[in-house]
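The block underneath contains the structure these notes are about, expressed in structure tokens.
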2 protein chains.
Amino acid sequence: MSANDNRPLTLRDVSEASGVSEMTVSRVLRNRGDVSDATRQRVLEAAKELGYVPNKIAGALASQRVNLVAVIIPSMSNMVFPEVMTGISEALEETGLQPVVGVTGYSPEKEEKVLYEMLSWRPSGVIIAGLEHSDASRAMLRASGIPVVEIMDVDGTPVDSVVGISHRRAGRQMAQAILKDGYEHIAFLGTKMAQDHRARKRFEGFTEALAKAGVEIEDREFYSGGSALVKGREMTKEVLERSPDLDFIYYSNDLIGAGGLLYLLEQGVKIPQDFGLAGFNGLNLLKGLPRELASMDACRHEIGHTAAEIIARRVEEGAAGKPERVVLEPKISYGDTLRRR
Amino acid sequence: MSANDNRPLTLRDVSEASGVSEMTVSRVLRNRGDVSDATRQRVLEAAKELGYVPNKIAGALASQRVNLVAVIIPSMSNMVFPEVMTGISEALEETGLQPVVGVTGYSPEKEEKVLYEMLSWRPSGVIIAGLEHSDASRAMLRASGIPVVEIMDVDGTPVDSVVGISHRRAGRQMAQAILKDGYEHIAFLGTKMAQDHRARKRFEGFTEALAKAGVEIEDREFYSGGSALVKGREMTKEVLERSPDLDFIYYSNDLIGAGGLLYLLEQGVKIPQDFGLAGFNGLNLLKGLPRELASMDACRHEIGHTAAEIIARRVEEGAAGKPERVVLEPKISYGDTLRRR
DNA sequence: CTGAAAGCGCTAACAG
DNA sequence: CTGTTAGCGCTTTCAG
């Protein structure tokens, strides 16, 4: 290897090493335009020999193109977003676009910062979770002039395109399924949802559909922090001591639902005959528990995939592109914790 | 808002709108150098009014500084890397550095591509999982001239700095604990580990320590794909039908271990008296199962935190920095599935 | 405290 | 097929 003066290599270095103009070297390295096989070989060899890695910063500035897609999500540890990410990566695989992730921790202020930070890299598009953003965030998104896809939720007004499910409708559907199965004394256990708009909307849809049938939630409780499985157990225990007449609990996610399920099984409760349970998310992680929890698939993978496709398409179309709206249909999986009448 | 000709705003726009030179605008926006309060206000106002977002691409090119740290991991859905990421984010929080994640899917070829891609953005540092990389990857890392921290594993030769645990030693320690507790007929169930070097090293350490005590693995099996909980159940069932004399199973991760645990409890097996189990990772997600699985904390959070600290320090020090080596000590958590003699 | 000039490393656009 | 020229939008450096 040549003497390393610790200065990153430039096109010029490769140009000198190969005796080919910078421009042609650039063409070879990007596979753009016609270059004779002979020079191509010489360039490739020189580049490899030197260990040259192109400087995308300079390239992006010169070409005004950045192959990055900003993906902004509330959390990585959530179990729901990894799947969305997988869908995104898949769809972007062949497009030359690259996802870059930013995490907001469910905080609108953090979201604003992360968005600002990411937009300052001039990505080709933005995929962002949820429809609720600060005015400043929304303004940035609009002003960015790049395609934006808001994901997960469709209950609200998108900035541009949107892909997701209706969480209000999801809550309603679950309520209807429960009522049809003849459960009547129903509680809701969930996360503290000041910032979890989607859980809130499910809850609202749920109570609304119950109300329409003349049924009211008999108990509810919200938690934050801790192991979800343990919390599910604890909250289920508490709520049943407080309201012993309950025959159903709707959980805002599968993990606390699983905790409740395990607790009830230990208590010898007959599920689903005497007591029913349902969660949300269709966490296939949980397959393998003694019983399978009824749940609802949030279409996470498909949401990611579709959102990324929209971005890719819009990037190709340029200014010609139009906003899209894709509403996915979550399906109830009855598992073993809903009796079927 | 002014007419939107869809051209992204530049410093010049802010300069014209505020009647202040580009240079001074730049200073205000970066909080660099002294600017009078009066002009500062004018600039800030104009920038906000226009909705200006600085172009980091141009900034980075001009200043030759990029506040990005490349983080390269095998998978996001793994449950182990989200925690590492949290540690990294925390440590980077106050430094002005930003993590950017790339995912390799446990493939060395993909790793090479991702690394190349990320290095082409000239990040300030690299945090990369594992010590096993292709020659080309290692060459790129060395040639990059930026601080590199390899994480998770310390059994091997790092390119630069390294933070992790010894998986060989972890395997040995678990073997010793098991033997001390008097288990004698031991099986190993794990993932197919062609590319999972850390699981492989644990397995090697495990068998090595057993061998030293004159004990041999009586059965083993490896899986890939599917729900880990279900796989844990199935593999446990199969291995016990094949080798009914077993009194212990060591699992390569907590999820399949949990599946095995649930299966055995259903079979009425007395745990830990007649049969012992242990996993790996200390997944606190699983707290709340009927029994707590014995496991070993992989220090994920601390690994991330420490690695990021090293990067931050090295970035400050510049060329003065020296490679560091941090070996963390995983602790066995006995849970309820190891009898204590 | 403020400004003018000169690039950062690459690519678009045009000539040969 | 190959090379030349002129920036991309910002920051560094040096003068006021």
Side-chain angles (χ1 to χ4, degrees), chain A residues 5-44 46-47 50-67 96 117 119-124 144-145 318, chain B residues 5-44 46-47 50 52-67 96 117 119-124 144-145:
Chain A
D5 55 9
N6 219 359
R7 168 185 57 74
L9 295 161
T10 69
L11 259 192
R12 166 176 240 111
D13 293 311
V14 182
S15 165
E16 282 169 0
S18 64
V20 177
S21 79
E22 283 186 45
M23 196 53 233
T24 301
V25 172
S26 168
R27 282 198 267 258
V28 171
L29 265 20
R30 285 178 299 146
N31 270 316
R32 272 259 186 323
D34 294 325
V35 180
S36 77
D37 263 5
T39 42
R40 156 167 280 108
Q41 290 314 330
R42 274 204 295 165
V43 170
L44 256 21
L50 296 172
Y52 172 68
V53 177
N55 184 333
K56 285 221 180 195
I57 298 174
L61 184 61
S63 66
Q64 307 279 24
R65 264 184 280 103
V66 177
N67 68 337
E117 189 73 18
L119 287 180
S120 72
W121 285 101
R122 300 288 188 265
S124 291
S144 70
Chain B
D5 55 10
N6 218 359
R7 169 185 59 72
L9 296 160
T10 69
L11 259 191
R12 166 176 239 113
D13 294 308
V14 182
S15 165
E16 281 168 3
S18 62
V20 177
S21 80
E22 281 186 47
M23 196 52 238
T24 301
V25 171
S26 167
R27 281 198 267 257
V28 171
L29 265 21
R30 286 178 298 146
N31 270 315
R32 272 261 185 323
D34 294 324
V35 180
S36 76
D37 262 6
T39 43
R40 155 168 283 108
Q41 290 314 330
R42 275 204 296 165
V43 169
L44 255 22
L50 296 173
Y52 172 69
V53 177
N55 185 332
K56 285 222 180 193
I57 298 174
L61 184 60
S63 66
Q64 308 279 25
R65 263 183 278 103
V66 178
N67 68 336
E117 189 74 18
L119 286 180
S120 72
W121 286 101
R122 300 289 187 266
S124 292
S144 70

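What's counted below: heavy atoms across the whole structure, side chains too, no hydrogens, waters or symmetry copies. A, B, ... follow the sequence lines: proteins, then strands. Residue 1 opens every chain.
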*In whole angstrom, give the distance that lies between atom CZ of B:R122 and atom C1' of C:dC8.*
12 Å
*asked:* Can you measure B:L11 atom CG to C:dA4 atom P for me and round it to whole angstrom units?
replied: 14 Å
*asked:* Check the phosphate of C:dT11 against A:R30, side-chain N and O only, distance under 4.0 Å to OP1 or OP2. Yes or no?
replied: yes
*asked:* Tell me the closest heavy-atom pair linking A:L61 and B:A58, and the distance in Å.
replied: CD1-CB, 3.8 Å
_Between D:dC8 (P) and B:K56 (NZ): distance, integer Å_ = 22 Å
*Determine: side-chain N/O of A:S36 to OP1/OP2 of D:dC1, distance under 4.0 Å, yes or no.*
no
_Less than 4.0 angstrom between a side-chain N/O of B:Q64 and OP1 or OP2 of C:dG9, yes or no?_
yes
*Starting from P on D:dG9, measure out to CH2 on A:W121 and report it in whole angstrom.*
16 Å
*Compare side-chain N and O positions of B:S26 against OP1 and OP2 of D:dC10 and report whether any pair is under 4.0 Å apart.*
no
*Report yes if a side-chain nitrogen or oxygen of B:R27 is closer than 4.0 Å to either non-bridging phosphate oxygen (OP1 or OP2) of D:dC10; otherwise report no.*
no
*Other residues, nucleotides, ligands: >12 heavy atoms within 6.0 Å of A:R30 CZ*: yes
_Value in whole Å for how far the P atom of D:dA15 lies from CE of B:M23_ = 16 Å
*B:N31 side chain near B:R40 side chain, heavy-atom distance below 4.5 Å*: yes
*Determine the contact category for B:R65: base if any of its heavy atoms lies under 4.0 Å from a base atom, sugar-phosphate if only primed atoms, P, OP1 or OP2 are that close, otherwise nothing.*
sugar-phosphate
*C:dA5 P sits how many Å from B:E22 CD, rounded?*
12 Å
*asked:* Please determine whether a side-chain nitrogen or oxygen atom of B:S21 lies at a distance below 4.0 Å from atom OP1 or OP2 of C:dG3.
replied: yes
*Side chain of A:R42, backbone of A:S18: donor and acceptor closer than 3.5 Å?*
yes
_Reading DNA chain C from 5' onward, which residue's closest nucleotide shows up sooner: A:I57 or A:R32?_
A:I57
*Would you indicate, yes or no, if C:dC8 has its OP1 or OP2 atom less than 4.0 angstrom from a side-chain nitrogen or oxygen of B:S63?*
no
*A:L9 has an atom CG; how far is it from atom C1' of C:dC10, in whole Å?*
15 Å
_Least distance between heavy atoms, B:R122 atom then A:P54 atom_ = NH1-O, 3.4 Å
*Would you indicate what A:D34 reaches in the nucleic acid, counting non-hydrogen atoms under 4.0 angstrom: base, sugar-phosphate, or nothing?*
base
*Does D:dG9 have OP1 or OP2 sitting under 4.0 Å from an N or O in the side chain of B:Y52?*
no
*Rounded off to whole Å, could you give me the CG-to-P distance for the B:L29 and D:dG9 pair?*
16 Å
